[in-house]
Amino acid sequence: MDRDKDSARIGRLEVVETGRRRRWSEDEKLRIVMESLQGSRQVSATARRYGISRSLLLKWRRLFRAEQNEAGPRLDFVPATVIADPVATPDPVVPASGGTIEIELVAGARMRITGVVDERTLKAAIAALADGRTR
């Protein structure tokens, strides 16, 4: 004999989704954990903001710390200062085969350079030679 006589009255059972279960991606979890680490006493406020329990957020933080410890020593931010490059000396023009460069201008003038010459000196010599021929 059945002691619970009301059990036969249930004809339909309905399951209503409350929306409490949510799947968080790893990126979302990391963003929430980083936000909770921004200041002191941020765990409860961050958990309320995202609609999660404080204990779940603390669990994510523990997992985050464990991953950080496995990754090796923590690197802290070091500010960098950008300094303008000092005036660089021009790179020397590498001579052609045999160590000699021969330049023949349209006016018929010829210049022969032996050894290593920097670009600025070479341009000045060519300009001077061209100016001397045009006068």
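Contacts of Ser55 classified as side chain to side chain contact (heavy atoms under 4.5 Å, CB included), with partners at least two apart in sequence or in another chain: Ser53.
Arg62 contributes atom CZ, which lies 10.0 Å from atom CG of Leu57 (distance to the nearest 0.5 angstrom). With rounding to the nearest 0.5 angstrom, the CZ atom of Phe64 is 4.5 Å from the CE atom of Met34.
A pairwise comparison of heavy atoms in Arg23 and Glu28 identifies O-OE1, 4.1 Å as the closest pair. Across all non-hydrogen atoms, the minimal contact from Trp24 to Lys29 is O-CE, 3.5 Å.
Leu37 and Leu63 are not part of a single hydrophobic cluster, where members link through side-chain heavy atoms under 4.5 Å apart.
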Using a 3.5 Å cut-off and no angle test, enumerate the donor-acceptor pairs between side-chain atoms of residues 41-51 and protein atoms at least two apart in sequence or in another chain.
{"unit_1": "Ser44", "atom_1": "OG", "unit_2": "Arg54", "atom_2": "NE", "d": "3.4"}
{"unit_1": "Thr46", "atom_1": "OG1", "unit_2": "Gln42", "atom_2": "O", "d": "2.6"}
{"unit_1": "Arg49", "atom_1": "NH1", "unit_2": "Glu35", "atom_2": "OE2", "d": "2.2"}
{"unit_1": "Tyr50", "atom_1": "OH", "unit_2": "Arg31", "atom_2": "NH1", "d": "3.1"}
{"unit_1": "Tyr50", "atom_1": "OH", "unit_2": "Glu35", "atom_2": "OE1", "d": "2.7"}

